[in-house]
Structures are given as structure tokens and as C-alpha cells.
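The sequence lines fix the lettering, A, B, ..., with proteins before strands; numbering per chain opens at 1.
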Number of protein chains: 2
Amino acid sequence: MKKEFEILSRAIGDRGLRRTAQRENILKVFLAMEGHFSIENICGEAKKQFPSIGRVTVYRTMKLFEELGLAEKMDRGDGIARYEHKYNHKHHDHLVCVKCGACIEAVSPQIEKLQEALAKKYGFVPAGHKLRIFGICKNCR
Amino acid sequence: MKKEFEILSRAIGDRGLRRTAQRENILKVFLAMEGHFSIENICGEAKKQFPSIGRVTVYRTMKLFEELGLAEKMDRGDGIARYEHKYNHKHHDHLVCVKCGACIEAVSPQIEKLQEALAKKYGFVPAGHKLRIFGICKNCR
DNA sequence: ATATTGTTGAAATCGTTTTTCAATAAAAAT
DNA sequence: ATTTTTATTGAAAAACGATTTCAACAATAT
Ligand SMILES: [Mn+2]
Ligand SMILES: [Mn+2]
Ligand SMILES: [Zn+2]
Ligand SMILES: [Zn+2]
């Protein structure tokens, strides 16, 4: 069984939640998607196998997955929240193409280090950060 | 006369806009505020001297100021857009305190350089970036 | 003064997210 | 197996910031 389902199972046990077809289905669908997805995307995908599922349940379930460390919210700057996989995925920043909307993942260990130093310089205890670089992607030039 | 008012004046001339008390007043109020302010903040301040002013006018006017390079939108991660001064203000990143909401401005030339390099590495032509470091500020520990 | 036309602000609308609540269904108790 | 308990669901409503619409208004040109 995939580790992510075990995490959900454990949370259900620990927190007195109930095992529902909706939760299992949303997790399955979410794990099968690769990239950054809005609630509407995820709900649309889930409806293919579970037509009666409601948008609100997807909102609630993705919030649960966030708490469980399975999903992470990311925000491209438009008003739409998107989710990406978090479990077993390393932190990364995003290069957002302002022309086609593509979103490339990248990370620079040096930048990460310098961010720590910058925070420290201001007596700030850093807990995380979000870096988006906006520009034109390779394909769009 | 402050340079910012000249910029507004020039835009009015160049673009066939009209000189209105609302525009002048919003600019005056905005320039007197130091920090990061929501439309509601700015509108509230403007209403003190100009009670009849409408929220919608502030939205439109701040968008105009953005176009004129007088104001820049920034986003703390809550769903509220905030504006800060742009004219004669250098680019900077933000350290956001997750406890008190304080927002410290900081910049590291090294980070800026490395961001350019990171973008280039992916064939990406960078046009700008937004970096927010979340954590606990000096006062809150 | 008058005509023209950009601007204003209230109200309506939008798009996303949250809340409410009655019906449902999972788990526990019998 | 049946009943009870209570978490979960999904439709509808509400909340929320932001945008659009439009008739009244006011700045500018004639
Ligand atoms: Mn990502
Ligand atoms: Mn700032
Ligand atoms: Zn692109
Ligand atoms: Zn603080």
C-alpha cells in the first residue's frame, strides 16, 4: 500500500475521523496528478470516478491533506490556490511564465542558505519562504 | 511640488485624463502612509479628508498609480492586496512575521544575483520576483 | 454658456472560498 | 442484526475582495 494512504489511515485512527470513499478517492486522484492543481482541477478529476462528489468536500479534504503533510498549497499570483505533492518532495521555488502560465520548479542551495542569513540579520527566526520568479519561459521566447 | 504629483500631472496631460480632487487626495494620503496598506486602509484614510470618496475610486486610482510606477502591489499571503510606495524606492523582499503580521523589508544583492543565475539555468528570462520569508520577528520571540 | 466626454460612486456582479444545515453513512453500542 | 451516536457529505447560502455596470456628475473644450 502506498505510504500516503497509510498516512491517511493513521490520521483516521488517531483523530477519530471516518474512512470514507470520498477521502480515499480524492487522495488517489491527487496522487495521480503531476503538477500544480486547483480545487476545480482536482474536483473535476475526482468526479470522473465519483460523479456525486462535491466541491466543498474537495476543499475540506485538501485542507486535511495539507495538515497531514501530503499536500502543499502554492499560489501563482492569480487568485487561485493550487496544490502540489508534499510527501517525499523536497522544497523548491517556482519560475512562473507570465506568457503561458507554465511553472518550472527549481532550487538553489546557495539561495536557501543566504535566505537564512538574511533573516538572521534582522533577528528573524525563519520558518519557511516562498520565492516566485516571474518571466518568460524557454518555449515562449 | 513633490515629484509624485508631477508624475500624476504629466499622466493627466499625456493620457487625456482629468484632474480630480479624488486623485489628488488619494495620492496625498497614500504618500503620507508609510508601510503596506490595503485598499480599505487607504480608503479609510482618504475618507477623513474626503468623506464622500468611494472604495471603487480608490481601487481604480491605485491601479493607475501602479501603472505610473508610483505604487506597487504586494501580497502577504492572506487574500488582501496591499500597496507600498514604488517611486524612488528600491526593490526589496519581505520578512513576514506569522505571529504579529509585521513585515520587515530586506534585500540581499547576492540572492538577487543568484536568482538571475537560477532563471538562466532553466532558459528562463526573468522579469521580476517575489520573495517572502515567513517566521517569527524579533519582538515576538 | 453649452457640448463633450472622462470620472465618480452605488449597486450589481464576479470568482473563489467558507459556513450552514439537513440528510447520510460510518463506527460504536446494544 | 439492530439501534444509537456522531462524523461527513453536498447543496445552498454567505462571505469576501475585487471588478463591472451605469446613470449622475463634473472637468475641459468649444
Ligand atoms: Mn511546485
Ligand atoms: Mn515593502
Ligand atoms: Zn511560457
Ligand atoms: Zn512579530
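Residues A:His85 and A:Glu4 have side chains that never bring a donor and an acceptor to within less than 3.5 angstrom of each other.
Listed by first and then second residue, the salt bridge (Lys or Arg N to Asp or Glu O under 4.0 Å) pairs involving residues 123-141 of chain B are B:Glu72-B:Lys130, B:Asp75-B:Arg132 (not counting sequence neighbours).
For the ring pair (Phe, Tyr, Trp, His ring centres under 6.0 Å) test, no residue two or more places apart in sequence or in another chain qualifies with A:Phe65.
The separation between B:Arg82 atom CZ and D:dA18 atom C1' is 15 Å, rounded to whole Å. Rounding to whole angstrom units, CG of residue A:Leu8 and P of D:dT8 are separated by 11 Å. Going from atom OH of A:Tyr83 over to atom P of C:dT16 covers 14 Å, rounded to whole Å. With rounding to whole Å, A:Asp78 atom CG is found 15 Å from C:dC14 atom C1'. Rounded to a whole Å, the NZ atom of B:Lys47 is 11 Å from the C1' atom of C:dA10. Rounded to an integer number of Å, the gap from B:Asn25 CG to C:dT7 C1' is 15 Å. Note: CZ (B:Phe50) to P (C:dT8) measures 9 Å, nearest angstrom. Whole-Å rounding puts the A:Arg76 CZ to C:dT16 C1' distance at 16 Å.
In plain terms, the two heavy atoms of A:Met33 and A:Asn41 that are nearest each other are CE-O, 4.0 Å. In this structure, A:Phe134 and A:Val98 approach most closely via the heavy-atom pair CB-CG1, 3.9 Å.
The shortest distance between the side-chain N/O atoms of B:Gln22 and the OP1/OP2 oxygens of D:dA26 is not below 4.0 Å.
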Footprint string (nucleotides 18-30 of chain C, 5' to 3'): B base within contact, S backbone only, - free, heavy atoms under 4.0 Å: BBB----BBS---
Would B:Ile133 and B:Asp93 satisfy side chain to side chain contact (heavy atoms under 4.5 Å, CB included), going step by step from the backbone distance to the final call? CA-CA 8 Å; B:Ile133 300 177; B:Asp93 300 318; over 6 Å; no
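A:Ser52 comes within contact range of the sugar-phosphate backbone alone, with a heavy-atom separation under 4.0 Å but no base atom that close.
Ranking C:dT8, C:dT17, D:dT9 by closeness to the B:Thr57 side chain, first place goes to C:dT8.
Between B:Gly16 and B:Val58, it is B:Gly16 whose nearest contact on DNA chain C lies nearer the 5' terminus.
Within 6.0 Å of the CD atom in B:Gln110, the count of heavy atoms belonging to other residues, nucleotides or ligands does not exceed 12.
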